[in-house]
Amino acid sequence: MALRTLTRLAAGLLAGLGAVAATAAPDVVIGAIDDQSGVYADNSGIVAIKMAIADAGGTVLGRKITLLTTDHQNKPDIGASKFREWADQNGLNVVMGGSNTGVNIAMSKVAAAKKVPLFVIGAGGASLTNEDCTAYTVHYGYDTTALANGTATTIVKGGGKSWYFLTADYAFGTQLQTAAAKVVEASGGKVLGAVRVPLSASDFSSFLLQAQGSGAQVIGLANAGEDFVNSLKAANEFGVTKTMKPAGLLVFINNIHAIGLEAAQGLYLTEGWYWDMNEASRAFAKRYVEIAKRPPNMVQAAAYSATMQYLAAVKAAGTTDPDKVMAELKRLKINDMFASGGYIRRDGVMIHDMYVMQVKAPKESKYPWDYYKLVKVIPGEEAFGPVTGLCPLAPK
Amino acid sequence: MTEIFGFPVVVVLGQLVLGLVNGSFYAILSLGLAVIFGLMRVVNFAHGAFYALGAVTALLGLKLLGVNYWAALVLAPLVVGLLGILVERLLLRRLAGLDPLYGLLLTFGIALAIEGTLQQLFGSSGESYPVPEALRGALNLGFMILPRYRAWVIVASLAVCFGTWFVIERTRLGATLRAATENAPLLQAFGVNVPLLVALTYGGGVALAALAGVLAAPVILVNGTMGSSIVIVVFAVVVIGGMGSILGAIVSGLLLGLAEGLTKVVYPEASNIVVFVIMALVLVLRPAGLFGRE
């Protein structure tokens, strides 16, 4: 009996040693730092990242892929310190940064210091590849420049010449308004004014009546999430949308689902991806729905694509060395369910086509989540604009 | 065009009406808080969560059971009120007689738990509650377009506020309730079931929050955190009106709605802090609040 136990123990120890020898090459560690409990929680890309890792077979270069996740709670210090901790202690190789521009700016400083590539996916702020750019930042999916270029240009060309902005009164809102106003004026339109609305206001009707009083043809909604939903709902209720054309400057499909087609119909918006575009996007959406119980939005599709692209770059480089991987990332083309002919420019922006969409009327919608009709495809270079020169890595 | 201080009368009137609509929500919510604080000395931080719960209950009732808006107006406060009674009997009761700080911490914890649960179940994007058929469309007041539903909110809120005030200040039940706050042991000696009264009070206050939630559901996005920003304003309203003063809560709720409306004409950026500026002034000049007794 004792002998048998001893034999087993020895066998176990040997097996253990064998296992250690087999995993001598460290895991490839992907970190996902996203809002998982706050206002942007529904944009979280973690499900999509897991799908991508599973599709890659859970390994790259014969090394196991490990995923670390955390909730940054929309606090820059939490995001940055978790990033640093993982880089110091867990052999972090790459971070998929979720929503919130502020958190991502803080994380990009860590990315540069620790030489760990950072994919910014959920956040929109274009400063991430301009003033705040680093050699290890990739902005994947969309940014504020592309959103403004898409929606504002299309509406002005369609005859909506005079604009009035309803702007969320903080950095993101004013940046969005500035970007859109620039585009409006460049395409021959005029900005009649703007009203700055406190963040998370409980009531938007007063501000909407001011917008209506301006006599502008277009009301530009330079806000996001719940504020966007509540302002568009009120615009409908007060008949503002009868005299003014609403323009959504940052809209996700889950926001449209929350408002309902009745109130959202006719709205112009810009998307980096829509689930019902082609066979590949529909196939991805179908698989995603099985796990997450709701269709993916552009952020989630981008998270899948970004993870796949990182793994492809690692494979091409034959190493996880950050500089070599970054070089591969900027060399490889991106052709998948998210983009065709996409690429990562020297300033870190992922260039790909953007889509101007219009929200369908309830009677046009034939099946669940059938919300958009395509108005126009904007070629990537046009949507994201030329290199600005603000990023020292990418002079004009 | 006629003007007041350089602002067109039409604009000012419009904003005043909208201010009254917002004030109606403040009034019902602060009324519930005032009732709970006045009779139980509990600072109910879970008020915003119960408000959200009221709206979510109405939404779920509509989607799963086909309960319409009018029935939800009664049923949702009832369901949430019962939950409130449960919270009082199982948790709050244990803190009776302790420092009010414990009640505050407990209700804050309850708020976090409710909001977290709702967010876990329904996500953060929220959903819309349709405006009931009979209240669709808008009224043309000459100086502005007022959606029928918003007009209804003003009427409903005034009725509820007056009704609650009447019950507490002018009926026998109200007299008993007030007696319980003055001297509970003595009242119990007269054979009145004071613990039951306290549970009903908390349930009633919470039901008012849920009612406000149902009223708000067709106007704003329904989600787990819809109450977290409004509850802060409502606390300020209660402080301005005088902690525990029923009439104070109602009147200051409506007045602050109007003050906010006017601020939106003059300087929109300040509209979410004007209430707190007024609160600071009131605390300096009249610490007991406008209607409070020293």
If one checks every heavy atom of A/Phe252 against chain B at 4.5 Å, the contacting part turns out to be neither

Honestly, the part of B/Val219 sitting under 4.5 Å from a heavy atom of chain A is both

Whatever's closer than 4.5 Å to a heavy atom in chain A on B/Tyr26 counts as side chain

Neighbour count >12 (heavy atoms, 6.0 Å) for atom NZ, A/Lys245 = yes

Applying a strict 4.5 Å limit to non-hydrogen atoms, the region of B/Gln119 in contact with chain A is side chain

Okay, B/Pro218 and chain A: the region with an atom under 4.5 Å from a heavy atom over there is backbone

- prompt: Would one find more than 12 heavy atoms of other residues, nucleotides or ligands at under 6.0 Å from atom NZ of A/Lys286?
  reply: no

Shortest non-hydrogen pair, A/Pro198 vs B/Ser271, comes out as CG-OG, 3.6 Å

Rounded to the nearest 0.5 Å, the CD atom of B/Gln120 sits from the CD atom of A/Gln36 at a distance of 10.0 Å

- Side-chain donor or acceptor of A/Ser206 paired with backbone N/O of B/Gly261 under 3.5 Å: no

Separation between CG (B/Leu18) and CZ (A/Phe238), nearest 0.5 Å, reads 5.0 Å

Set out, in order, the CA-CA distance, both residues' side-chain angles and the distance that settles side chain to side chain contact (heavy atoms under 4.5 Å, CB included) for A/Glu226 and B/Asn223, then state yes or no.
CA-CA 9 Å; A/Glu226 194 169 334; B/Asn223 66 12; 3.2 Å; yes

So for atom CZ, which belongs to B/Phe143, do other residues, nucleotides or ligands contribute more than 12 heavy atoms lying within a distance under 6.0 Å? yes

Rounded to the nearest 0.5 angstrom, the CZ-CG distance for B/Phe122 and A/Asp42 is 12.5 Å

Whatever's closer than 4.5 Å to a heavy atom in chain A on B/Asn272 counts as both

Max heavy-atom pairs within cutoff under 4.5 Å with chain B, candidates A/Ala201, A/Gly260, A/Gly225, A/Ser37, goes to A/Ser37

Answer key: most heavy-atom pairs under 4.5 Å with chain B among A/Arg196, A/Glu262, A/Arg294, A/Lys233 is A/Lys233

Under 4.5 Å to a heavy atom of chain B? For A/Val197 that would be neither

Rounding to 0.5 Å, atoms OG (A/Ser231) and CD1 (B/Ile220) come to a distance of 12.5 Å

side-chain contact (heavy atoms from CB on, under 4.5 Å) with B/Leu221: of A/Ile259, A/Asn255, A/Asn230, A/Asp227, only one passes, and it is A/Asn230

Turns out that what part of B/Tyr149 lies under 4.5 Å from chain A's heavy atoms comes down to side chain

Answer key: most heavy-atom pairs under 4.5 Å with chain A among B/Met226, B/Met144, B/Arg150 is B/Arg150

One should read off an interatomic distance between B/Ile145 CD1 and A/Lys242 NZ, to the nearest 0.5 angstrom, of 8.0 Å

Pair B/Lys264-A/Asp203, side chain to side chain contact (heavy atoms under 4.5 Å, CB included): steps then yes or no: CA-CA 11 Å; B/Lys264 283 171 184 167; A/Asp203 174 56; 3.8 Å; yes

